[in-house]
Asker: 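Please see the structure below; I have some questions.
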Amino acid sequence: MCGIVGYIGTHQAAPVLLDGLAKLEYRGYDSAGIAVYDGEKIRTEKAVGRLKVLEELTQDGATLPGTVGIGHTRWATHGVPSDLNAHPHFNHDHSIVVVHNGIIENYLKLKKKLAGKGYEFLSETDTEVIAHMLDYYYKGDPLDAISKVMHRMEGSYGLGIMFRDHPDEVYAVRKDSPLIVGTSPEGNLIASDVPAVLKYTRDVYFLENEEIVKLTRDGLHFYNIDEEELEKEATHIDWDMNAAEKGGYEHFMLKEMHEQPKAVKDTLTPRIKNGDVVIEELGMTDEEIRTISKIFIVACGSAYH
Ligand code: GLU
C-alpha cells in the first residue's frame, strides 16, 4: 500500500502535499514525489527513501511554487524503487502528469500498442502507460480522455491527474484502490485515506469504483465512467487523527487483521486470468519456471503474530 494526495486551493500546494503524504506514511512506501503547477509549468521532484529526503530536496516545498499539485508515495510493483520509476509520470511534452496507486494488469499489451505508435517510455512502471494513453486520447477534454483510458485499463488504480491546458483543475479516479475527496473553504483535496485531509476538513466524499472527480478551487464535480455527472453526499468525519489512521479500529494490528482478506484478494485477483495463474512481471517462460526447485518467501511486518 502507498499513498496519493492532491490539492487545489488558496494555499501553496507543495507543503499541503508533503503534509498529506506524511499522514499516509503508515501505509508504507519506498519513494515519493510531487508535481506542482504554477500556471506556466508543471514542476516535479522525486526521491527514493523517506519523505524527509523529498522535504529537504524541496526545502519543505518552497522550491515548487504553485497552488495546484499532486503527490505520491510509491510501493514499487513494476520496476525497482528509483528516482526514474518514482511518480509522478509525464507524457512526452510534460503537459499531462499522473500519480497512481495499484497495478495495471494489461499494461504490457497497452505499452506495446503505444510503442507501435511512437511513444517512448522512460520508466519500467505500468503507470507511465497511463500518462501516454491519456496523451493519445486527449483532444482538449480531460474528462473524455480519462473515461476512454478507464475503458481500456484492466486492474486496480487510484489516480491523480493534471493537464497543463487546464491549470485550475485536478482530476482523480479510482478502481479497487481507495481514494477520498475532501472539501474546505481554502481548497479541495484528494487522498488515499482520511488522515491526509483532516487538517483542512472533516467533510469527505468516498469515491466509488470507476467514479471520476474534477476538483477546482471552489467546486467538486463527480462523474461516472461514461462522463455522466453524479450527485454525491459528503460524510462528516468525527474521528480524531489517531482513530482515523486506524480506520476506526482499536489498534493497527486489529486493522491489519481485518484487512487481510482484502489484501490477499487484491494481490491475487490481478494475477488470475481465466482460472490460470499469470504472473506477467516475472518475465519467465513456463520452461524456466519448471526448473525452479526451491522458493524462498521473504516477508516483514506483523504477520509473525
Ligand atoms: N504499479 C505502480 C508502480 O509500480 C504503482 C505502485 C503503487 O501503488 O505505489 O509504480
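Side chains included, hydrogens not; waters and symmetry mates left out as well; all remaining heavy atoms used. Whatever order the structure lists them in is the order used to number ligands and atoms, beginning at 1.
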Asker: Is Ile146 linked to Ile70 within one hydrophobic cluster, defined over Ile, Leu, Val, Met, Phe, Trp and Tyr using a side-chain heavy-atom separation of less than 4.5 Å?
Answerer: no

Asker: Given a cutoff of under 4.5 Å between side-chain heavy atoms of I, L, V, M, F, W and Y, with clusters grown through shared members, what are the other residues clustered with Leu84?
Answerer: none

Asker: Do ligand 1 and Thr125 have nitrogen or oxygen atoms that lie under 3.5 Å from each other?
Answerer: no

Asker: Quick test of your reading of the structure: of Ser192, Gly102, Ala32, Ser156, whose heavy atom lies closest to atom 8 (O) of ligand 1?
Answerer: Gly102

Asker: I want to confirm something. Looking only at heavy atoms, which of Thr77, Asp30, Val99 is nearest to atom 4 (O) of ligand 1?
Answerer: Thr77

Asker: Tell me whether Asp38 contacts the main-chain N or O of Pro65 through its side chain, where contact means a donor paired with an acceptor under 3.5 Å.
Answerer: no

Asker: Are any of the N/O atoms on Asn85, whether in the backbone or the side chain, positioned under 3.5 angstrom from an N/O atom of ligand 1?
Answerer: no

Asker: Does Lys111 pair with Glu128 as a salt bridge, N-O distance under 4.0 Å?
Answerer: no

Asker: I need the contact type for Asn101 against ligand 1. Using non-hydrogen atoms and a strict under-4.0 Å cut-off, is it side chain, backbone, both or neither?
Answerer: both

Asker: Any N or O on Ile103 sitting closer than 3.5 Å to an N or O of ligand 1?
Answerer: no

Asker: Distance under 4.0 Å to a non-hydrogen atom of His72: what atoms of ligand 1 satisfy this?
Answerer: 9 (O)

Asker: Sequence neighbours excluded, which residues qualify as salt bridge (charged side-chain N to carboxylate O under 4.0 Å, His left out) partners of Arg202?
Answerer: none

Asker: Show me which atoms of ligand 1 lie under 4.0 Å from any heavy atom of Cys2.
Answerer: 7 (C), 8 (O), 9 (O)

Asker: So is Gly79 close enough to ligand 1, meaning a heavy atom under 4.0 angstrom away?
Answerer: no

Asker: What are the two closest non-hydrogen atoms of Arg74 and Val80, and how far apart are they?
Answerer: NH1-O, 3.1 Å

Asker: Would Lys214 pass as a cation-pi partner of Tyr223, given that its NZ or CZ must be under 6.0 Å from the six-membered ring centre and within 45 degrees of the axis?
Answerer: no

